[in-house]
A.B. asks: 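Okay, handing you the structure first.
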Amino acid sequence: MMNILSFSRRAIVFDSGETINKVVSKMMQTETEEVVITEKGIYKGMVFAKDLIKRKITNPEKSKIKNLVHSVPLFDSKVKLEEILKSIM
């Protein structure tokens with residue numbers, strides 16, 4: 001059986017106070033569709049490229065990424081992929 005590590009890659013992490021512009025630039029540079037957001041080192045959630053595309057962001061140079069964070073649960077790396085899929089479906 002597969003666990004989540006079979007599909008994982010190193011995450012790109014930003015602080016919630018970072019600007020949308022900086023996050024989007026990094027996502028484009030690395031061709032990443034999602035980033036992890038933390039606040040003072042504590043996990044807060046994720047931001048997805050599809051959501052950034054859908055939204056009309058008027059001032060990305062000053063707007064903070066924390067306003068776009070989705071709460072996504074954390075899973076232990078040993079959890080079986082099937083269990084993760086069941087919990088998010």
Side-chain angles (χ1 to χ4, degrees):
M1 297 216 175
M2 293 188 198
N3 65 24
I4 195 67
L5 287 178
S6 304
F7 296 94
S8 66
R9 64 179 183 273
R10 188 156 190 89
I12 297 176
V13 180
F14 284 96
D15 185 77
S16 62
E18 198 56 74
T19 64
I20 293 171
N21 192 48
K22 185 170 181 180
V23 174
V24 169
S25 293
K26 183 68 170 185
M27 290 174 81
M28 291 174 64
Q29 176 187 31
T30 59
E31 298 181 358
T32 302
E33 294 186 17
E34 66 282 322
V35 293
V36 173
I37 305 299
T38 62
E39 189 170 306
K40 297 180 183 176
I42 298 171
Y43 173 80
K44 290 297 176 183
M46 298 188 71
V47 170
F48 300 94
K50 65 179 182 167
D51 296 324
L52 294 168
I53 293 167
K54 290 179 188 177
R55 286 198 125 139
K56 183 177 180 179
I57 302 168
T58 57
N59 195 352
E61 297 84 15
K62 292 187 179 181
S63 298
K64 304 300 180 188
I65 199 66
K66 67 182 173 184
N67 299 320
L68 303 174
V69 176
H70 288 277
S71 179
V72 177
L74 290 174
F75 293 95
D76 185 287
S77 62
K78 295 177 181 89
V79 173
K80 293 177 185 155
L81 187 57
E82 293 82 7
E83 291 177 42
I84 294 172
L85 292 173
K86 285 179 189 175
S87 71
I88 61 174
M89 296 283 198

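If you're wondering where the values come from, they're calculated on a predicted model, not measured in any experiment.
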A.B. asks: I need the Ile37 CD1 to Lys66 NZ distance, nearest 0.5 Å.
C.D. replies: 12.0 Å
A.B. asks: Do you reckon Val47 sits in the same ILVMFWY cluster as Val13, going by side-chain contacts under 4.5 Å, direct or chained?
C.D. replies: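 Hydrophobic grouping puts Val47 apart from Val13.
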A.B. asks: Test of understanding: clusters of I, L, V, M, F, W, Y form through side-chain heavy atoms closer than 4.5 Å, transitively. Do Ile53 and Leu68 belong to the same one?
C.D. replies: no
A.B. asks: When rounded to the nearest 0.5 angstrom, what distance separates CE in Met27 from CD in Glu34?
C.D. replies: 7.0 Å
A.B. asks: CZ of Arg55 to CD1 of Ile20: how many Å apart, nearest 0.5 Å?
C.D. replies: 8.0 Å
A.B. asks: Would a hydrophobic clustering, with Ile, Leu, Val, Met, Phe, Trp and Tyr connected at side-chain separations under 4.5 Å, put Val69 with Ile42?
C.D. replies: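 They do not share one cluster, since no chain of ILVMFWY contacts under 4.5 Å joins Val69 to Ile42.
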A.B. asks: Atom CD of Glu18 and atom OG1 of Thr38: how far apart are they, to the nearest 0.5 Å?
C.D. replies: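 Those atoms lie 10.5 Å apart.
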A.B. asks: Could you state the interatomic distance from CG (Asn21) to NZ (Lys62), rounded to the nearest 0.5 Å?
C.D. replies: 12.5 Å
A.B. asks: According to a hydrophobic-cluster definition based on side-chain heavy atoms being under 4.5 Å apart (Ile, Leu, Val, Met, Phe, Trp, Tyr only), do Met46 and Ile12 belong together?
C.D. replies: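 Shared cluster, no.
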A.B. asks: Work out which heavy atom in Ala11 is nearest to a heavy atom in Val36; give both atom names and the distance.
C.D. replies: CB-CG2, 3.8 Å
A.B. asks: What's the verdict on side chain to side chain contact (heavy atoms under 4.5 Å, CB included) for His70 and Asp51, showing C-alpha distance, side-chain angles and the deciding distance?
C.D. replies: CA-CA 10 Å; His70 288 277; Asp51 296 324; 2.5 Å; yes
A.B. asks: Does Lys64 NZ have over 12 foreign heavy atoms under 6.0 Å away?
C.D. replies: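 Atom NZ in Lys64 is crowded, with more than 12 foreign heavy atoms closer than 6.0 Å.
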A.B. asks: Which atoms form the tightest heavy-atom contact between Val72 and Tyr43, and what is the distance?
C.D. replies: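 Looks like O-OH, 2.5 Å.
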A.B. asks: What is the minimum heavy-atom distance between Thr19 and Pro60, and which atoms define it?
C.D. replies: CB-O, 3.7 Å
